[in-house]
Amino acid sequence: HHLARDDLQRRLGLSPVPIKALVQFYLDEKQEHFFKNESTSIVLLSFLSQRWNQLGEAEWTKIKSVLSNLKCIPTSQG
């Protein structure tokens, strides 16, 4: 039995989160560990790269600030 996306969201009490709110959450100092962890950073960086055009200058400034403070950022080059 398959659930439709809307039905699943309703049953779980999920609601859409605006992209800027989600980015602000992950850019909070308390969440920076997600960028430092190899598994989660790959997902976050991919997510950001796919939605770069939905973010404003303030978000990009914060993203650059957070990433510039990391010692190592995983890339496709290793």
*Calculate, to the nearest 0.5 Å, the distance between atoms CD and OG belonging to Q9 and S15 respectively.*
8.5 Å
*Does Q50 have any side-chain contact (heavy atoms from CB on, under 4.5 Å) partners at least two apart in sequence or in another chain, and if so, which?*
S46
_Close side-chain approach of F47 and L22, heavy atoms under 4.5 Å_ = yes
*Rounded to the nearest 0.5 Å, how far does NZ of K62 lie from CD of E57?*
14.5 Å
*Looking only at atom types and distance, does a side-chain atom of W52 sit under 3.5 Å from a main-chain N or O of W60, one as donor and one as acceptor?*
no
*Taking all non-hydrogen atoms of both residues into account, name the closest pair between E32 and V66 and its distance.*
OE2-CG2, 3.9 Å
*asked:* Let me check something: do L55 and V43 share a hydrophobic cluster, defined by ILVMFWY side-chain heavy atoms less than 4.5 Å apart, either directly or through other members?
replied: no
*asked:* Quick check for you: to the nearest 0.5 Å, what is the distance between L44 atom CG and F35 atom CZ?
replied: 5.0 Å
_Keeping S68 on the side-chain end and K64 on the backbone end, is there a donor-acceptor pair under 3.5 Å?_
yes
_Parallel, tilted or perpendicular, judged at 30° and 60°: which one describes the rings of Y26 and F34?_
perpendicular
*Taking NZ, NE, NH1 and NH2 as the nitrogens, is one of them in D6 or R10 under 4.0 Å from a carboxylate oxygen of the other?*
no
*Closest approach of D7 and L3, non-hydrogen atoms and distance?*
OD2-CD2, 3.2 Å
*Are L45 and I19 in one and the same hydrophobic cluster, where Ile, Leu, Val, Met, Phe, Trp and Tyr link if side-chain heavy atoms are under 4.5 Å apart?*
yes
_Gap separating the CD atom of E59 from the CG atom of L48, nearest 0.5 angstrom_ = 10.5 Å
*Roughly how far apart are D28 CG and Q24 CD, rounded to 0.5 Å?*
9.0 Å
